[in-house]
Amino acid sequence: MNIKTIIIGVIGADVHAVGNKILAFAFEEAGFKVVNLGVMVDQDEFIGAAIETNADAIIVSSLYGHGELDCRGLKEKCIEAGLEDVLLYAGGNLVVGKAPFEETQRKFLDMGFNRVYPPGTDPFTGIADIKKDLGVS
Amino acid sequence: MNIKTIIIGVIGADVHAVGNKILAFAFEEAGFKVVNLGVMVDQDEFIGAAIETNADAIIVSSLYGHGELDCRGLKEKCIEAGLEDVLLYAGGNLVVGKAPFEETQRKFLDMGFNRVYPPGTDPFTGIADIKKDLGVS
Amino acid sequence: MELVNKKLSHDEFYSIRKSILKQWPTGQAVDFEEAVRYQLNIPKEKQFSEKLIQAKKSGRTLIQPRAGVALIDKHIELLNYLVDHGEADLLPTTIDSYTRHNRYKEAEIGIEESRLAGRSLLNGFPAVNHGVIACRQVTEAVSAPVQVRHGTPDARLLTEIAIAGGFTSYEGGGVSYNIPYAKKNSLEKTIYDWQYTDRLVGIYEEHGVSINREPFGPLTGTLVPPCISNAVAVIESLLAAEQGVKNITVGYGQCGNLRQDVAAVRSLEQLTEEYLKEKGYDDIIVTTVLHQWMGGFPQDESKAFGVISWGAAAAALAGATKVIVKTPHEAMGVPTKEANASGLLTTKQLVTMLRDQVMPLTKELLDEINIIKMETRAIVNKIFELGNGDIAKGTVAGFQAGVIDIPFAPSKYNKGKVLPARDNEGAVRILECGSLPFNKELKDYHREKIEQRAKIERRKVSFQMVIDDIYAIGKGRLVGRPR
Amino acid sequence: MELVNKKLSHDEFYSIRKSILKQWPTGQAVDFEEAVRYQLNIPKEKQFSEKLIQAKKSGRTLIQPRAGVALIDKHIELLNYLVDHGEADLLPTTIDSYTRHNRYKEAEIGIEESRLAGRSLLNGFPAVNHGVIACRQVTEAVSAPVQVRHGTPDARLLTEIAIAGGFTSYEGGGVSYNIPYAKKNSLEKTIYDWQYTDRLVGIYEEHGVSINREPFGPLTGTLVPPCISNAVAVIESLLAAEQGVKNITVGYGQCGNLRQDVAAVRSLEQLTEEYLKEKGYDDIIVTTVLHQWMGGFPQDESKAFGVISWGAAAAALAGATKVIVKTPHEAMGVPTKEANASGLLTTKQLVTMLRDQVMPLTKELLDEINIIKMETRAIVNKIFELGNGDIAKGTVAGFQAGVIDIPFAPSKYNKGKVLPARDNEGAVRILECGSLPFNKELKDYHREKIEQRAKIERRKVSFQMVIDDIYAIGKGRLVGRPR
Ligand code: B12
Ligand code: B12
C-alpha cells in the first residue's frame, strides 16, 4: 500500500472553516493521510508541517480574497526548504472580486502552483487530479 | 375657451387596453376633448375620426411589438387626407424587444411622427408636451 | 349555428373542418390519421399531459417560459436555449399577434421582413404560415413537451396544424381568448369555435392521444379578482370536458398577496374538480398553473427579478403544478433568450428551494379559500341559471348581464362595470361589483376591506385607487398608496 | 484582569484607552470631547439609531448592503453609488481582513498595492490605517447613516477611530466576532475587549450621542440553529447594556424555511427585550436585522437573485427592522458596485411590495416560536448558572462546557460537537446536540424531525446529510436530498 500524505489549510488571516472541514473529510475518504492545519495558516506553518510529515502535496485554500497577497513567495520558500517536488495546489475564491478565472489561474501558475481551481470546485475534481499527479489509482 | 380635440387609440391587432383607459382618463382630466377609439384601431379609423372631429392631434399607442409594421405609411395617409398639420404622437412598447430608445425614436421620427415616447412614459409627460405644441397652458 | 354545451356531432365537426383546412394553404397538409400515428410515437417524456401528471403526483412545480420568434431555425434555437441554459421543464411556442387575429397575410409579410432584417419583427411564431412540417421540426428539435400559447379568438386552423405538428398542449378558450384578447368578436361565436378545438382534442383522446388543454387563467392580467378568473376556468373546463378533453390545467394570474394567491390556486383546483364531478365528467385530470404577476412590471431588471421571485415563491407555496415565468425584460419588450433564461433560473432556484415547504391550511387561509369559493359558485351557478342549465348559453347571457365581468377587458361583449382595487394587505378586492351576483354579505365584505384601506390612506374610495394600484408594482409597491 | 459583567470603572477604562490609542499612529488623532461635539452635529437622518427607531415605529424594513474597498475616494464612490443606484437606506463600511486581525502593516501594504494596481486588493476598508479624518470624509460624503461591519476580535482601536470618524453604528461582540472569526483568540479576552467597545459607546450615550450597536447574528452563517444565534444575541445584548449601550439591533441569518425564519426573528426580539427587562435594563431600544442566507450561494447570478429575494421576503414577512443584502456575485467574489446595487434593488422591490403583509401568528408559527424560546432559555439560563449569575463568566464557562456551541466555527474555544441538519421541510434542526443543555423532550424533538427526513430519503441519519445540506442552496435546493 502506498498512502500519500497531504497538508491542507486556509492561508493568511482567512477564517472560512466550512469548506476546509469538508475538504479534509473528502480527502480522507479518498484514502489520503490528511494533515489539516485548519484556518489562518501562515506560509511557515504549511512548510513546517510538510517537512515534519514528509508530505506529498500542500493544498492551499483561500476564500476571503487576500489569496494573491498571501500566496506570494510560498513556492520560493518551499524550494528553499527543499520541498521543490512537493505538489502545490490552490483553490477557493483566490482573488478579490469576480474575475475571469483564466487570469487568476495564470497568476497562481506563475507563482509556482501546480494546479489552480476556480471558486466552488468540487473536492473530487482535486482528488482525481492529485491521484493522477501522484500516480495513485 | 379653447378646447383641443385629440384622437387616441391602440393601433393594429393590439389589444392592450389598460394603458389606453388610463391615457384617456388622464387627457380628459387635463382638459382635452378625447375621442378614444380603444384598441385594435387601424390607420383608416384614426384618420376618419380625425377628419370627423376636426382633431388637433392623433395619439397612437402600440404595446405589443408590431408598432413598427403597423405605423408605416400613417403620416403619408394623413397628408393625403389633408391632415398634414395634425400632430402625430406615438408611445408604448413600440418595437419588438428591449431596444435602445434612440433607435426607436429615430425610426418613428423618420416615419413622420412629431414625438415618440419610450415604454412606460407617464401620460403627464405627453400632456405637458402637447400643451406646448398646441400652445395651450 | 345554435350554441349549446353538447359534444359537436360527427357531421357538424367534419363539415366545419373541411372549410377550416382551406383557410390557408398550409391547412391542406393536415392528415388526421397520420397525425394520430405521429402523436402516438412521441416519447412519454415529451408528452405534456404525462409530465403534468407526474409532477402532480410528486408535488413538484414545473417551470415554463413564454417564447416565440418569426423564423423556424431561430425559434428552435430559442427553445433549446431555454432548456439548456434556463432549465425549463416545459416549453411554449408563443404565437404572433397577426396569426392570433387570423391575419395570415400580414404574418407572411412579417416573416419576410424578419428574414430581411435578421431579427424577429413578429412578436411570436406564426405557426399557421409555417405549417405542419415546420411545427414538427420544432417539436422534434427539443427535448421537452411543447405547448402552443396564443390568444386567438378563432383558433381552429391553428389547432389543427399545431396538434398535427406535434404540440402536446394547447392553451386558450372561448372566453379567455376572446374577452381579454379581442374587441368585436362575438362571444357566442368564439365559444362555438373553441368547441371545435376541444372536440378535436377529444377526438385525439378517443384515438389514444392525450393533449393537455389549458384555459388562459390571467385574463387581462391586471387586478383580476380570483373569483372571476376561477369562474372562467370552471366554465371553460366544463366546455372542454363535454367535447371529450381529459387533461386540463386551470390557471391563475398572481395578484401578489400571498395568502390570497395560495387560496386562489387551491380553490381553483378544488372547484374545478368539484364541478366536473358534479356534471358527470369523472375521469378528468386537473392540474394547476400560476402565472407570475401579469400586470405592469418595473422597468429595472433587478426589481423585475424581485417580482419574478415572488411569483415563483407563491407558485411553490400554493403547490401549483407549473408556473409560467416572466423575464427581467418584461416592462420593456419581448425578451432576449438570455433574459428569458435568467427569469427561468431565478424561478427554478425558488421552486426547488421551496419544494419542501407547503403553506399550512390555517384558519386565515381557509377563510380566504371559502370566500373565493362562495363568490365563484355564486357566479357559476347564476350562469347555469341564465342558461337554463346550459353553461354555454349561460356564459353568453352572463356576460351580457354582467354577472361575469372581466376588469379592463377590451371586448365590447364585456360589461366593463366591475372595478377591482387592493385592500390594505394588498389582496385584490372589488371596489365596484357591477352586476356580479353577490349577496349583501359578500358585497359588504369587499366594500369593508377597501374602506379599511381608504381610512388608513386618509382618502375616499375612488377610481384614483384603481389607477394607483395598476401602477403600483411597476413602481415598487403592491398597494398603490397616495404619495 | 478578571472578567465580570460589570461596567468598566473609569480608571480601568482610561488606563486601557491610553495604550489602545498608541497601537497605531492614527490612534493619536482621537479626541473624545471633540468627537462628541462632532457626533452631536450629525443630522438626524444620518444617525443610525434614529433611523432604526423610525423604521420600527412605522413597520418598515430598511435595506443595507455590505461594501468596502481599500481606497478612500473609491470607497466614497462605492457608497454613493449604493444609495443613488441601489436605493440603500443604510450604509456599511466593511473592514478588510488584515485590520480585523490587527495586522495594520499588512493592511498598509494592501493600500499601497491597491493604489498601484488601480483596484482594491483588500477585501474591505482599512479604517484604522486611514484614520479619523478619512473616516469623516467618508461619513460626510454620503447621505445615509453608516455602520462599521467587520469581524474583529480585538476591535478597540477600530471603535475609537470609527466613532470619532462619524460612524453611528458599530457591529460585533466578544462572542460573535471571536468564535466564527478567529482560531486562537481567548474568549475571556475578546469579551473583555468588547466591554471596552461597549463602554465607549456607553460613554458617548452619557454625552448625548446614541451609537447603535449590533451583535453579529449569523455567526458562521452555515446552518446555525436559531436558538444558538439567539442565545449569543441575548448574551451580547446583556453585556452591552451593562456598559451603557442603549440602542441595540439583534440579528439572525436566514435559514430558508419561512416559518422558522419568521419565528426566529420574532422570538429573538421578544427574548432580548425580556432578558434586558428582567436584568433591570429598562430603557433599551431593541430592533432586529435579518441577514439574507449567509452560507454558500449558487454561482449562477439569476439563481442568486432567487436566494436574495427569498431573504428579502422572509425579512419583510417577519417584520425585521432591516435586512442585510447579498449580491448576485456572492459565490464568486467581492461584488462590483453594480452587482451590489442590483441585489439591493431586488430586495427593495420585495420589502416594499410585501410591506403590507405580515405573517399571521398561526398555531404552527407559535409552536415554532415557543420551541426556539424554550431552547434559547435553556442555553442562556444554564450560562447564568455556570457563571453564578454572571453572564460574562458564564459565557466563557458555557463555551468550555459546550452548553453553547457554534457549528463549523474555527475557534478552538468552541467545542465543535453540535451538528445541524435540515428537517424534511428545510428547517434547521440539531442532529447532534453535543452538550447543549436540552431536556429529553427537546432532544427527542430534534431527533424525530431529522429521523422523519431520513426515512423519506430512505437513508440513515449521518454526517453525509450535513454535507449535503451545506451544498444544497448552492445547488438549487434547500434540503440536501441524496441524488
Ligand atoms: C397586461 C399585459 C397583457 C394583457 C393585456 C390585457 C388587455 N387586454 O389589456 C394580456 C395578458 C392579454 C397581454 C397579451 C399580450 N401581450 Co402583453 N403585456 C401586458 C403587460 C404585462 C402590462 C401592460 C399594461 O397594462 N401596463 C400598465 C399600463 C398602465 O401601462 P402601458 O400599457 O405601458 O401604458 C402606459 C404607457 O405605455 C403610456 N403610453 C402608451 N401610449 C402612449 C402614447 C403617448 C403619446 C404617451 C405620452 C404615453 C403612452 O401611457 C400608458 C398609461 O400610463 C406588458 C408588460 C409591462 N408593461 O409590464 C406586456 C406587453 C406589452 N405584452 C407583450 C406581448 C408580446 C403580448 C402578446 C403578443 C403575447 C403574450 N406575451 O401573450 C399578447 C398580445 C395580444 C395582442 N394582440 O395585443 C409585450 C410587447 C413586446 C414588445 N413590444 O416587444 C410586453 C411588453 C411584454 C413583454 N415584455 O413581452 N398582455
Ligand atoms: C460562510 C461565509 C462566511 C462566514 C464564514 C464562517 C466560517 N468561519 O467558516 C463568515 C460570515 C464569518 C464570513 C466572513 C467573511 N467573509 Co465570507 N463567505 C462565506 C460564504 C457565504 C460561504 C463560504 C462557505 O462556507 N461555502 C461552503 C463551502 C463548502 O464551500 P467553499 O468555502 O467554497 O469551499 C469549497 C471550495 O472552495 C473548494 N476548495 C477550497 N479550497 C480548495 C482547494 C482545492 C485544491 C480544491 C480542488 C478545492 C478547494 O472545496 C471546498 C469544499 O467543497 C462565501 C460565499 C459563497 N461561497 O457563497 C463568502 C466569501 C468567501 N466571504 C467573503 C468575504 C470577503 C468575507 C469577509 C472578509 C467579509 C465579509 N463579507 O464579512 C469575512 C472574512 C473573515 C476572514 N477573516 O476570513 C468573500 C470573499 C471575496 C473574494 N474572494 O473576493 C465571499 C466569496 C463572499 C463575497 N462574494 O463577498 N464568510
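Order of the sequence lines fixes the chain letters, A, B, ..., with proteins taken first and strands second; residue numbering starts at 1 for each chain. Everything quoted here is computed from the prediction, not taken from an experiment.
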Exercise. So among B/V41, B/V15, B/V10, which one has a side-chain contact (heavy atoms from CB on, under 4.5 Å) with C/K183?
Worked result: B/V41
Exercise. Is it the backbone or the side chain of C/P180 that comes under 4.5 Å from a heavy atom of chain B, or both, or neither?
Worked result: backbone
Exercise. Do any of residues 112-123 of chain C have a heavy atom less than 4.5 Å from a heavy atom of chain B, and if so, which, in residue order?
Worked result: C/E113, C/R119, C/S120, C/L121, C/L122, C/N123
Problem set entry | For chain B, which residues of residues 92-109 of chain C have heavy atoms nearer than 4.5 angstrom | C/D96, C/S97, C/Y98, C/H101, C/R103
Exercise. Closest approach of C/M332 and B/N93, non-hydrogen atoms and distance?
Worked result: O-ND2, 3.0 Å
Seminar exercise, completed: Scored by heavy-atom pairs under 4.5 Å with chain C, the best of B/A99, B/A13, B/G38, B/G19 is B/A13
Problem set entry | Rounded distance [0.5 Å steps], CD1 in C/I470 versus NZ in B/K21 | 9.5 Å
Seminar exercise, completed: In short, C/P410 meets B/V39 closest at the heavy-atom pair CB-CG2, 3.5 Å
Problem set entry | Toward chain B, the part of C/A409 with a non-hydrogen atom under 4.5 Å | backbone
For this session: Look at atom NZ of C/K189 and say whether more than 12 heavy atoms of other residues, nucleotides or ligands are closer to it than 6.0 Å.
Result: yes
Problem set entry | Atom pair OG1/NZ of C/T327 and B/K98 - distance to nearest 0.5 Å | 9.0 Å
For this session: Kindly compute the distance separating CD (C/Q464) from CZ (B/F25), expressed to the nearest 0.5 Å.
Result: 6.0 Å
Exercise. Which heavy atom of B/P123 sits nearest a heavy atom of C/Y471, and at what distance?
Worked result: CD-OH, 3.5 Å
